[in-house]
Protein chains: 2
Amino acid sequence: MSRRVGLSTAAVVGAAVEVIDESGLEALTLAAVASRTGVAAPSLYKHVSSLGELRTLVGLRLLEEMTERFTAAVMGRSGAEAIAILMREYRAYVIEHPARYAAMPADPLHDPALAAAGTKLLNVFLAVLRGHGIEGPDAIHTTRCARAIMHGFASIEASGGFGLPEDLDETYERLIQMFVASL
Amino acid sequence: MSRRVGLSTAAVVGAAVEVIDESGLEALTLAAVASRTGVAAPSLYKHVSSLGELRTLVGLRLLEEMTERFTAAVMGRSGAEAIAILMREYRAYVIEHPARYAAMPADPLHDPALAAAGTKLLNVFLAVLRGHGIEGPDAIHTTRCARAIMHGFASIEASGGFGLPEDLDETYERLIQMFVASL
DNA sequence: AACCAAAGCTAATACCATTAGCTTTCTGGC
DNA sequence: GCCAGAAAGCTAATGGTATTAGCTTTGGTT
């Protein structure tokens, strides 16, 4: 009984992302993914070596998703405009997928499985700054500043940490102007 | 056998903070707290109604701890100096207690049990800005910006998200200058 | 047609939170 | 000083979780 379902690692990761989208990161459990894919929980081990690995693979997919999206958004733009667009796109992603953002790996460069994808994402930012004439150690500091601003705002917003929901656009535009003005 | 240990809710919360300090937020489990306090796990329910409540109580204690610390740091200072000191103190706390920072409630104002403590912490920031002549809706935006910058930088640093550990002081000073200059 | 590897399954283990109900210990009133 | 009751502890049991072991089925390849 129970015909073969035709699962794959990619399908398992996809189901995991769906679980996160629907029920939040803390609901990402092998049991939930198994139920969603129509399979018994231990069967998932044929495609994924552990829950920890599944989390890593989800993080990898999300990193790639962000990179692709940011690359497309910034294409054909340059200078301060490109920087502002990148920052707005970052926030837009988090608003669209707040639960996914919580699943984002905090230190991708430290995990060998994520380092390459993390570097690619970082390079989008470095490329935009280079187009603004910022390079070398300066670019490192500047990128860190941008990350801190974007991640800080986005993570607080995604977790509902700001009291009033209105005016958040204005707050974020202030941050963008603040950052751009400092360059 | 097993003489009375003399536990209290406060002692349980204290043990929970120790577990977090030593082994990280994910290690905060009733079993770990029970073992540390020398008690069987179900006995903790005499002092705490659930793991969720324990998490909330830990968050409450940490909020109060931060408020007290920031209040002391800023006392007697005013203007841009006070703002810079507050921002440095925020980061200093996170560097001293990275695991505790991860246990910090993301949206204290939304949880009735934390709202009062969250408001007090917020008021420290508002008071400092008021001393700089910023009030009303402007103060809301400005406080949000400060929060985003501090939280963003601190949480990335606490999770090891910045590649190189050196120069982080310089990056953070840049952010402080950027923020102060925007006022 | 038959084999074999991959993909599924069930059963079992270990750890977690939580509940129920029992026992011990301290404390307050006499 | 004693004793009743509440508070603080305990063990046992339940249900959810990840994970491992070992079995069965399936489907593609020879």
- prompt: Going by atom types alone, do B:Tyr90 and B:Tyr101 pair a side-chain donor with an acceptor below 3.5 Å?
  reply: yes
- prompt: Should the ring pair B:Phe125 and B:Phe70 be called parallel, tilted or perpendicular, given that the plane angle runs from 0 to 90° and is split at 30 and 60?
  reply: perpendicular
message: If hydrophobic residues (ILVMFWY) are linked whenever their side-chain heavy atoms come closer than 4.5 Å, directly or via other members, who joins B:Leu126 in its cluster?
response: B:Leu109, B:Leu122
- prompt: What are the residues of residues 43-62 of chain B, sorted by number, that bring a heavy atom to within less than 4.0 Å of DNA chain C?
  reply: B:Tyr45, B:Ser50, B:Leu51
- request: Please tell me which of the listed nucleotides, D:dT19, C:dA20, D:dG9, lies nearest to the side chain of A:Ala41?
  value: D:dT19
message: Tell me every residue that passes side-chain contact (heavy atoms from CB on, under 4.5 Å) with B:Ser23, counting only those two or more places apart in sequence or in another chain.
response: B:Ala27
message: Rounding to an integer number of Å, can you tell me how far A:Arg4 CZ sits from C:dA7 C1'?
response: 4 Å
- prompt: In terms of side-chain heavy atoms, does A:Thr171 have a donor or acceptor partner in B:His141 at a distance below 3.5 Å?
  reply: yes
- prompt: What residues in residues 13-40 of chain B put a non-hydrogen atom under 4.0 Å from any atom of DNA chain C?
  reply: B:Thr29, B:Leu30, B:Ala31
statement: For A:Glu22, the side chain to side chain donor-acceptor pair (under 3.5 Å) test, sequence neighbours excluded, returns A:Arg36
Side chain to side chain donor-acceptor pair (under 3.5 Å) partners of B:Arg61, counting only residues at least two apart: none
- prompt: Under 6.0 Å from the CD atom of A:Glu173, do we count more than 12 heavy atoms belonging to anything else shown?
  reply: yes
